[in-house]
Amino acid sequence: MRIGVLGTGNMADALATHWVRSGHDVAIGGRDMHKAERLATRLGGSAKPADLRAAAEFGQVVLSALPFGTGTSVVRELRAVLDRKVLIDCSNPVGQGFRLLTQSGLSAAQQLAAAAPGSHVVKAFNLCHEDVWRMSPPIFDGRRLAVPVCGDDERALALVHQLVRDVGCEPVAGGSLERAGLLEATAALFIGLWVGEGADAQAIAPPLAYAAGPGDEEPQTAEEAFRQEF
């Protein structure tokens with residue numbers, strides 16, 4: 001697979017490392033070519049430096065590894081070359097005080113989709129610190145990390161699911177792109193718990209078997225259980 005990466009920061013480094021090791025062809029795109037060259041050299045293998053436009057042109061799949069706001073501006077400039085391409089958004093619109101910056105409007109992923117309306121935007125890789133993505137693979141208590149993925153195009157989702165597996169994780173269907181805002185809000189909550197409170201965010205949810213409450217009745221889906229409850 002040909003992957004274009006927009007950005008030369010920690011997320012670009014962490015994810016592209018896995019994809020290069022998995023045999024994908026990766027173009028690292030940056031406004032600062034020296035940074036792009038340094039990262040491509042460090043990644044080795046098939047990685048090559050490029051400017052932002054060349055990286056977008058190169059990739060069948062393009063990762064926007066840019067901060068919230070900056071990514072939208074860059075993608076708007078590149079919308080013509082991103083037409084019909086898969087565009088992964090891993091940004092988190094979280095501001096001071098762990099405040100969600102998009103609570104009154106479109107999610108970061110939807111803003112990216114509006115900036116490049118011909119692309120197929122997929123939200124993924126936003127719930128963990130970059131050092132978690134550097135793990136090879138991210139396994140906790142004997143279980144691979146699960147990565148929620150939100151998007152509207154089946155082919156785009158299939159490609160991103162494969163890239164999630166190449167990072168050593170398990171993809172989880174998160175629903176349509178409309179639900180990306182829920183992932184971003186979850187990130188804001190988790191970051192606030194982890195960083196602000198020093199709390200274990202994993203501890204706030206019961207195991208799957210208890211998602212609908214314990215009981216001896218016939219199994220039912222979580223949706224059915226919640227409908228009965230509310």
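As the structure is a prediction and not an experimental result, all values here were calculated from the model.
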Going through the distances and angles, do Leu43 and Trp19 end up as a side-chain contact (heavy atoms from CB on, under 4.5 Å)?
-> CA-CA 10 Å; Leu43 292 174; Trp19 295 336; over 6 Å; no
Does a side-chain heavy-atom distance below 4.5 Å link Phe140 with Met135?
-> yes
Within a reach of under 6.0 Å around CG of Leu208, are more than 12 heavy atoms found that belong to other residues, nucleotides or ligands?
-> no
Cluster link Met1 to Val86, ILVMFWY, side chain under 4.5 Å | yes
For Ala113 and Val121 the tightest heavy-atom approach is CA-CG2, 3.6 Å
Least distance between heavy atoms, Asp166 atom then His24 atom = OD2-NE2, 2.7 Å
Same cluster for Val149 and Leu182 if Ile/Leu/Val/Met/Phe/Trp/Tyr side chains link at under 4.5 Å?
-> no
Hey, is Lys123 close enough to Asp89 for a salt bridge, meaning N to O under 4.0 Å?
-> yes
Gap between atom OG of Ser64 and atom CG of Leu6 - 0.5 Å precision = 5.5 Å
Applying side-chain contact (heavy atoms from CB on, under 4.5 Å), run through Ile3 and Asp25 and close with a yes or a no.
-> CA-CA 6 Å; Ile3 302 171; Asp25 296 321; over 6 Å; no
Would Ile28 and Glu37 count as a side-chain contact (heavy atoms from CB on, under 4.5 Å) if you check the C-alpha gap in whole Å, the side-chain angles of each, and the deciding distance to 0.1 Å?
-> CA-CA 8 Å; Ile28 301 295; Glu37 288 167 0; over 6 Å; no
Report the distance from atom CD1 of Ile88 to atom CG of Asn126, rounding to the nearest 0.5 Å.
-> 12.0 Å
Single-linkage hydrophobic cluster Leu100~Leu127, side-chain heavy atoms < 4.5 angstrom = no
Is there a donor-acceptor pair under 3.5 Å between the side chain of Arg144 and the backbone N or O of Ile139?
-> no
Can you tell me how far the CD atom of Glu130 sits from the CG atom of Asn10, to the nearest 0.5 Å?
-> 4.0 Å
From Phe98 atom CZ to Leu193 atom CG, the distance as rounded to the nearest 0.5 Å = 9.5 Å
Could you tell me whether the side chain of Asp83 reaches within less than 4.5 Å of the side chain of Ser119, counting heavy atoms only?
-> no
Assess whether atom CD of Glu178 is packed by more than 12 heavy atoms of other residues, nucleotides or ligands within 6.0 Å.
-> no
Do side-chain atoms of Lys48 reach the backbone of Val26 as a donor and acceptor pair under 3.5 angstrom?
-> no
With rounding to the nearest 0.5 Å, note down the distance linking CG in Leu87 to CZ in Arg79.
-> 14.0 Å
Are any of the side-chain nitrogens in Arg53 or Glu77 under 4.0 Å away from the carboxylate oxygens of its partner?
-> no
Within the distance-only criterion (no hydrogens, no angle test), does the side chain of Ser107 pair as donor or acceptor with the backbone N or O of Gln110 below 3.5 angstrom?
-> yes
Determine yes or no for a side-chain-to-main-chain donor-acceptor pair under 3.5 angstrom, with Trp133 supplying the side chain and Cys128 the backbone.
-> yes
Have a look at Phe125 and tell me which of Val132, Leu183, Val164 forms a side chain to side chain contact (heavy atoms under 4.5 Å, CB included) with it.
-> Val164
Heavy-atom check, side chain of Arg155 versus side chain of Asp153, under 4.5 Å = yes
If you look at every heavy atom in Gly168 and Pro138, which pair is closest and at what distance?
-> O-CD, 4.0 Å
Give a yes or no on this: more than 12 heavy atoms of other residues, nucleotides or ligands lie within 6.0 Å of atom CZ of Arg134.
-> yes
Identify the two heavy atoms, one from Val147 and one from Cys169, that lie closest to each other, and give their separation to 0.1 Å.
-> CG2-CB, 3.6 Å
Taking a hydrophobic cluster as the set of Ile, Leu, Val, Met, Phe, Trp and Tyr residues connected by side-chain heavy atoms closer than 4.5 Å, whether directly or through intermediates, do Val81 and Val74 fall within one such cluster?
-> yes
Donor-acceptor under 3.5 Å (Glu184 side chain, Asn92 main chain) = no
Could you check if a side-chain atom of Gln162 sits within less than 4.5 angstrom of a side-chain atom of Pro171, using non-hydrogen atoms only?
-> no
Any side-chain heavy-atom pair from Trp194 and His129 closer than 4.5 angstrom?
-> no
Roughly how far, to the nearest 0.5 Å, is CG of Leu159 from NE2 of His120?
-> 10.0 Å
State, to 0.1 Å, how close Leu157 and Cys150 come at their nearest heavy-atom pair, and which atoms those are.
-> CD2-C, 4.0 Å
Quick one: does Thr70's side chain get under 4.5 Å of Ser73's, heavy atoms only?
-> no
So if you build clusters from Ile, Leu, Val, Met, Phe, Trp, Tyr with side-chain heavy-atom gaps below 4.5 Å, do Val5 and Leu39 land together?
-> yes
Check whether more than 12 heavy atoms from other residues, nucleotides or ligands sit under 6.0 Å from atom CD of Gln60, and answer yes or no.
-> yes
Minimal heavy-atom distance between Phe68 and Gln111, with the atoms involved, is CE1-OE1, 3.7 Å
Whether over 12 other heavy atoms sit under 6.0 Å from Tyr210 OH = no
Decide yes or no on side-chain contact (heavy atoms from CB on, under 4.5 Å) for Ser91 and Leu66, but give the supporting numbers first.
-> CA-CA 7 Å; Ser91 70; Leu66 297 164; over 6 Å; no
Arg31 and Asp51 ion-paired at < 4.0 Å | no
